[in-house]
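The structure's right below; bear with me while I get my questions together.
Proteins come first, then strands; the chains are lettered A, B, ... in the order of their sequence lines, and each starts at number 1.
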2 protein chains.
Amino acid sequence: MTNNTILIVDDEAPVRDMLRVALEMADYRCIEAENAQEAHSMVIDEQPDLILLDWMLPDVSGIELARRLKRDELTSTLPIIMLTAKGEEDHKIKGLETGADDYITKPFSPRELVARLKAVLRRAGPSVPEEPLTAGELVLDPIGHRVTIHGQSVEMGPTEFRLLTFFLSHQERAYTRTQLLDHVWGGNVYVEERTVDVHIRRLRKALAVDGHDRFIQTVRGTGYRFSVQTAERV
Amino acid sequence: MTNNTILIVDDEAPVRDMLRVALEMADYRCIEAENAQEAHSMVIDEQPDLILLDWMLPDVSGIELARRLKRDELTSTLPIIMLTAKGEEDHKIKGLETGADDYITKPFSPRELVARLKAVLRRAGPSVPEEPLTAGELVLDPIGHRVTIHGQSVEMGPTEFRLLTFFLSHQERAYTRTQLLDHVWGGNVYVEERTVDVHIRRLRKALAVDGHDRFIQTVRGTGYRFSVQTAERV
DNA sequence: CATTGACGTGACAAATATATGACAGTTTCG
DNA sequence: CGAAACTGTCATATATTTGTCACGTCAATG
């Protein structure tokens, strides 16, 4: 399972569909946007691993979006593959100058698409973080696949481990159950929303110190948030 | 079986393919990277025995990568053979100055490649570590090909010995069954993944003290990890 | 303060993953 | 040539994980 999330940005629905089919066949998770504004908020929101960006967009041109993303420090490492119509060769130059990591000329074969995408993702470095993720006394070592609190090893199931990994790289931010299902379980599984509650509980239990968990907060009406609770409330 | 792992670093896929074919014919295991960043993480990740490094790379130049590897204590003994295009003779000087152990001018014959590679590997000394590998009371003496716990000799089969050798030099890190097959069995053998379980069991049995093994942990959903279990949980 | 919707919890059966013992084909070595 | 040791694979135990429920609790609201 690659488990990489690809953001498809194109204003034509049929094109998006084609891309999605090809990518899901290759086991990527897809999310879609049809204009630059929507795309931008999805980048912030969903943190995809790569963007497939059409040259022509209704509002801001694709190239402009690429430029903005590459300029912003938070998103500058996000790989971008530009899609461009056949014959517009000069776009290639401009696109690569702007910071696109690759470009693909329409029409293209699914195989070519996936091959280039793989190459770009590989070049971008491992999506599995090598550095330990931390939150206060909590440390998750991705290499050793191990979680410790105060150096004490903590046991949990694989799903809890993935959930915690996600939370640790997205702290201080509230997620709905649906978002968590998407990110931690993977987009296309059908699971009850309440299942998230149960896994949250299991994770809380695992992370509990003195019977109380200081890491996961319930956001009523919304979902959950991970953040280190520093001081006790009075 | 040489069982040596060679890391090929070149941005041109055809060149990599040619090298791989030549090397696999000579019974080396090959892994590939197409840029410096990828190469660096593969060095850490896969611990190859030698690097074939192209002079020209898209991101950091090959020479720069070589310099970094030679500077870092962990990787400074890793032999490097630089690949350089014909005629660029001054590269030879610079390359050898940087710490490359040999250089080969493109185009070259497969025979020449393998011959030089062998020479460099021989010069680099045995890939078998000379120093004993230890983990707590467990000591593996590579020279004497012997394992002891508390000075007590421990018997095990050749596969278990290789597995333990690998684990001892990669402690605290979780490996999938596939990775273990790659590293311990050698890349291109077809063996069932479950076979790993069986050898893990045999190794555990051999390392067991009082019927319990304190060295190998099962990482559910992933594989196994070697690490000395220090204290009991309450 | 009763109501209502949202969240927490323990239990469970089904699904998965891992451990184990046995076995047959090979290799090793005396 | 045999005996002993080693390997890879199974089939069969065991153990753990997972998604759902049903029911208890809690917080906000009028």
Practice task
With sequence neighbours left out, write down each residue that passes salt bridge (charged side-chain N to carboxylate O under 4.0 Å, His left out) with A:Arg146, or none if nothing qualifies.
Solution key: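 Testing A:Arg146 for salt bridge (charged side-chain N to carboxylate O under 4.0 Å, His left out), a comparison that skips the adjacent residues, returns B:Glu172.
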Problem - side-chain N/O A:Tyr224 vs C:dG8 OP1/OP2, d < 4.0 Å - result: yes
Problem - Listed partners of A:Phe226 passing ring-ring contact (aromatic ring centres under 6.0 Å, His included), at least two apart - result: A:Phe167, A:Phe215
Practice task
Compute the angle between the rotation axes at the two ends of the helix from C:dC1-D:dG30 to C:dG30-D:dC1, each taken over five pairs, rounded to 10 degrees.
Solution key: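 Roughly 30°, once rounded to the nearest ten degrees.
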Handout entry: Separation of C:dA19 P from B:Gln217 CD (nearest whole Å)
Key =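 Answer to the nearest Å: 12 Å.
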Practice task
Please determine if B:Asp102 and B:Arg116 form a salt bridge, counting it only when a charged side-chain N lies under 4.0 Å from a carboxylate O.
Solution key: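 Salt bridge flag = yes for B:Arg116 with B:Asp102.
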Handout entry: Atom-to-atom span, CZ of B:Arg177 to C1' of C:dA17 - whole angstrom
Key =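 Rounded to the whole Å, the gap is 8 Å.
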Practice task
Give the C-alpha distance, both sets of side-chain angles, the deciding distance and a yes or no for side-chain contact (heavy atoms from CB on, under 4.5 Å) between A:Leu7 and A:Leu52.
Solution key: CA-CA 6 Å; A:Leu7 172 58; A:Leu52 274 178; over 6 Å; no
Problem - Pairing residues for A:Glu46 by the salt bridge (charged side-chain N to carboxylate O under 4.0 Å, His left out) criterion, not counting sequence neighbours - result: A:Arg29
Fill in the blank from the handout: By side-chain contact (heavy atoms from CB on, under 4.5 Å), B:Thr176 pairs with (sequence neighbours left out) B:Thr178, B:Gln179, B:Thr222
Handout entry: Phosphate contact (D:dT20 OP1 or OP2) by A:Thr195 side-chain N/O below 4.0 Å
Key =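 Checking D:dT20 against A:Thr195, a side-chain N or O does come within under 4.0 Å of OP1 or OP2.
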Problem - For atom CD of B:Glu160 and atom P of D:dA5, their distance in whole Å - result: 14 Å
Handout entry: All side-chain contact (heavy atoms from CB on, under 4.5 Å) counterparts of B:His145, not counting sequence neighbours
Key = B:Phe161
Could you run down the sub-3.5 Å N/O contacts of the protein with nucleotides 24-26 of chain C?
none

Practice task
Using salt bridge (charged side-chain N to carboxylate O under 4.0 Å, His left out) as the criterion, list what pairs up with B:Asp141, not counting sequence neighbours.
Solution key: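 Here no residue qualifies.
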Practice task
Among D:dT9, C:dT18, C:dC7, find the nucleotide with the atom closest to the side chain of B:Glu192.
Solution key: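 For the B:Glu192 side chain, the nearest candidate turns out to be D:dT9.
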Tabulate below the donor-acceptor pairs under 3.5 Å that side-chain atoms of residues 199-207 of chain B make, not counting sequence neighbours, or state none.
unit_1, atom_1, unit_2, atom_2, d
B:His199, ND1, B:Glu160, OE2, 2.4
B:Arg204, NH2, B:Ile216, O, 3.2
B:Arg204, NH2, B:Thr218, OG1, 2.8

Practice task
Quick one: sort the A:Tyr175 and A:Phe166 rings into parallel, tilted or perpendicular, breaks at 30° and 60°.
Solution key: perpendicular
Exercise for the section: Answer yes or no: is there an ion pair linking B:Asp101 with B:Lys70, defined by an N-O contact shorter than 4.0 Å? Expected result: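 Looking at B:Lys70 together with B:Asp101, the answer is yes, because their closest N to O distance falls below 4.0 Å.
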Problem - Footprint string (nucleotides 23-30 of chain D, 5' to 3'): B base within contact, S backbone only, - free, heavy atoms under 4.0 Å - result: ---BS---
Practice task
Could I get the full list of side-chain contact (heavy atoms from CB on, under 4.5 Å) partners for B:Ser109, not counting sequence neighbours?
Solution key: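 B:Ser109 satisfies side-chain contact (heavy atoms from CB on, under 4.5 Å) with B:Arg111, B:Glu112 only.
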Problem - N or O in side chain of A:Thr218 less than 4.0 angstrom from C:dG8 OP1/OP2 - result: yes
Handout entry: Neighbours of DNA chain D within residues 196-205 of chain A, by heavy-atom distance under 4.0 Å
Key =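 Here the set is A:Val198, A:His199, A:Arg202.
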Practice task
Give the nucleotide from the list D:dT18, D:dG8, D:dT7 with an atom nearest to the side chain of B:Val191.
Solution key: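 Of D:dT18, D:dG8, D:dT7, D:dG8 is nearest to the side chain of B:Val191.
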Practice task
Look at the side-chain N and O atoms of A:Trp185 and state whether any lies under 4.0 Å from the OP1 or OP2 oxygen of D:dT18.
Solution key: no
